[in-house]
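Single-structure report; data block below.
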There are 2 protein chains.
Amino acid sequence: MSEQKVFQEFLAEKNLRMTYQRKTILDVFLKTKTHVSPEDLYNLVKKRDSSIGQATVYRTLKLLSEAGLASEVDFGDGVMRYEHKYGQRHHDHLVCEVCGKKVEVFDPLIEELQEKLAKKHGFILTNHKMYLYGICNKCKRLQKKTR
Amino acid sequence: MSEQKVFQEFLAEKNLRMTYQRKTILDVFLKTKTHVSPEDLYNLVKKRDSSIGQATVYRTLKLLSEAGLASEVDFGDGVMRYEHKYGQRHHDHLVCEVCGKKVEVFDPLIEELQEKLAKKHGFILTNHKMYLYGICNKCKRLQKKTR
DNA sequence: TATAAAAATGAAAATGAAAATCATTATGTT
DNA sequence: AACATAATGATTTTCATTTTCATTTTTATA
Ligand SMILES: [Mn+2]
Ligand SMILES: [Mn+2]
Ligand SMILES: [Zn+2]
Ligand SMILES: [Zn+2]
């Protein structure tokens, strides 16, 4: 099923309306590749239609998250970011603290152990956030040279 | 070594001064049990000495983090929190999305796999954040009753 | 199709945590 | 003491996000 269709059904379910603005924002969002902030997206949306307001972009990103089309990514720099979720496998993030490089990573065993760990404490796990911070290969090499 | 001593040495190392305010803020921080926000701590500090300003509390918490005495905890609710780090084993957090209950958890195997996962991508892991969100036992039972 | 009800929008203002500013005060060093 | 440096607290600023609210758009109903 297409993302537009998923959104449509999500909205119908909640008695919300598929408006021109929401359609446009989803469309522009789907064209992005990396992790976009609401402001990033707002700027892209403005290019297509400058009458769309940023409050609507914020509101729509919330809806896209609820609909399972976007997921929030919080690198801890004070700005929320969003990435595609629909049809994407879940993954976590590895971030270089020097150059900011982001790598999407996935380890099925870690995922399984997270589940078990939660269960062990009587919890049903619904979701999780995992961010690994380190120094990437390139920055490692540069540091050696400088030393 | 005592926390006060650790802080003292950290400050000396950085050519910073151990002031009455810093001493007081560390002291009050060490008396806390759970995850405190800067504002929480500011309110506690005010009780001891109402002349201490909140900017100093923010600044000192930053220093305590650098000194390895406190660690930042970000539950994603827009407020940073701090917890004791000195002499504490590293742990991650399991959070109930219904009642907000927080459990401190640790799985050595997960930690090891995080290390390996980073290495696999050419990174040297320096730290990580892991938050598990779910529904606790108590809230699970309450939900069943209501249904 | 007209009409009423409900939802959505955009501009602007409000919010709130955190950081920055800056005049004043405290501390350490010759 | 005299000077240099660091720290402080009141205040202002910043900036992402949320809220407000008058207006517009969409949908349901007559
Ligand atoms: Mn994951
Ligand atoms: Mn951890
Ligand atoms: Zn790097
Ligand atoms: Zn609970």
Side-chain angles (χ1 to χ4, degrees), chain A residues 4 7-29 35-67 70-82, chain B residues 4 7-29 35-67 70-82:
Chain A
Q4 294 282 357
F7 196 29
Q8 200 139 41
E9 288 187 7
F10 166 81
L11 293 171
E13 186 74 25
K14 294 225 160 192
N15 289 314
L16 302 175
R17 294 159 187 177
M18 175 56 103
T19 62
Y20 156 73
Q21 288 90 337
R22 285 171 179 169
K23 217 176 289 191
T24 303
I25 291 165
L26 172 54
D27 217 57
V28 174
F29 172 67
H35 311 97
V36 281
S37 66
E39 186 164 351
D40 290 341
L41 190 60
Y42 171 56
N43 287 322
L44 293 168
V45 165
K46 263 199 302 194
K47 284 190 202 161
R48 173 114 39 121
D49 184 334
S50 63
S51 74
I52 295 176
Q54 69 170 344
T56 304
V57 173
Y58 271 95
R59 291 188 278 235
T60 303
L61 279 169
K62 277 264 152 65
L63 291 172
L64 293 177
S65 294
E66 284 182 59
S71 56
E72 301 189 334
V73 182
D74 180 6
F75 290 119
D77 65 347
V79 190
M80 192 57 72
R81 282 163 217 280
Y82 292 83
Chain B
Q4 293 283 357
F7 197 29
Q8 202 138 41
E9 288 187 7
F10 167 82
L11 293 171
E13 187 74 24
K14 295 226 160 188
N15 288 314
L16 302 175
R17 295 161 185 175
M18 174 58 102
T19 63
Y20 156 72
Q21 288 87 338
R22 286 174 177 167
K23 216 176 290 191
T24 303
I25 291 165
L26 171 54
D27 216 57
V28 172
F29 173 67
H35 311 95
V36 282
S37 65
E39 185 166 349
D40 289 341
L41 190 60
Y42 172 55
N43 286 323
L44 292 170
V45 165
K46 263 199 303 194
K47 283 189 204 163
R48 172 109 47 118
D49 184 336
S50 63
S51 75
I52 295 176
Q54 70 171 341
T56 304
V57 172
Y58 271 96
R59 292 189 277 235
T60 303
L61 279 169
K62 278 266 150 64
L63 290 173
L64 293 177
S65 294
E66 283 183 59
S71 56
E72 300 190 334
V73 183
D74 180 4
F75 291 120
D77 64 348
V79 190
M80 193 56 74
R81 281 163 219 280
Y82 293 83

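Every chain is numbered from 1, with letters handed out A, B, ... down the list of sequences.
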(request) Look at the side chain of Asp40(B) and the backbone N and O of Ser37(B), then say whether any donor-acceptor pair between them is shorter than 3.5 Å. (result) yes
(request) For the side chain of Leu16(B), starting at C-beta, report the closest nucleotide among dA7(C), dA6(D), dG9(D). (result) dA6(D)
(request) List the atom of Gly53(B), the atom of Tyr42(B), and the distance in Å for their closest heavy-atom pair. (result) C-CE1, 3.8 Å
(request) Please state how far atom NZ in Lys62(B) lies from atom P in dA7(D), giving the value in whole angstrom units. (result) 16 Å
(request) Assign each of Ser50(B) and Leu11(B) to its nearest nucleotide of DNA chain D by heavy atoms, then name whichever residue's nucleotide is nearer the 5' end. (result) Leu11(B)
(request) Between Ser37(B) and Asn15(A), name the one whose nearest nucleotide on DNA chain C is closer to the 5' end. (result) Asn15(A)
(message) Using whole Å, what does the distance between atom C1' of nucleotide dA7(D) and atom NZ of Lys23(B) come to?
(response) 14 Å
(request) Ignoring hydrogens and angles, tell me if any N or O in the side chain of Thr56(B) forms a donor-acceptor pair with the backbone of Ile52(B) under 3.5 Å. (result) no
(message) For a quick check of understanding: with a heavy-atom distance under 4.0 Å over all strands, which category does Lys14(B) fall into, base, sugar-phosphate or nothing?
(response) nothing
(request) Please say which of Leu41(A), Val57(A), Val36(A) ends up in a side chain to side chain contact (heavy atoms under 4.5 Å, CB included) with Val28(A). (result) Leu41(A)
(message) So does Glu39(B) get a backbone contact from the side chain of Asn43(B), meaning a donor-acceptor N/O pair under 3.5 Å?
(response) yes
(message) What does the B/S/- profile of nucleotides 22-30 of chain C look like, 5' to 3', with a 4.0 Å heavy-atom cutoff to protein?
(response) ----BBS--
(message) Below the 4.0 Å mark, does dG10(C) have OP1 or OP2 next to a side-chain nitrogen or oxygen of Gln21(A)?
(response) yes
(message) Distance check needed: dA10(D) P versus Gln54(B) CD, whole Å only.
(response) 10 Å
(request) Take the protein atom CD1 of Ile52(A) and the nucleotide atom C1' of dT24(D), then report the distance between them rounded to whole Å. (result) 15 Å
(request) Using atom CZ of Arg22(A) as one end and atom P of dT25(D) as the other, report the distance to the nearest whole Å. (result) 15 Å
(request) Round to the nearest Å and state the distance from Gln8(A) atom CD to dT26(D) atom P. (result) 14 Å
(request) Pick base, sugar-phosphate or nothing for Ser51(B), based on heavy-atom distances below 4.0 Å to the nucleic acid. (result) sugar-phosphate
(request) State whether the side chain of Ser50(B) and the backbone N or O of Lys46(B) hold a donor-acceptor pair below 3.5 Å, judged by distance alone. (result) no
(request) Whole angstrom is fine here: how far is it from CG in Asp77(A) over to C1' in dA17(C)? (result) 15 Å
(message) Using a 3.5 Å distance criterion without hydrogens, assess whether the side chain of Arg22(B) forms a donor-acceptor pair with backbone atoms of Arg17(B).
(response) yes
(message) Measure CE/Met80(A) against C1'/dT18(D) and give the value in whole Å, please.
(response) 13 Å
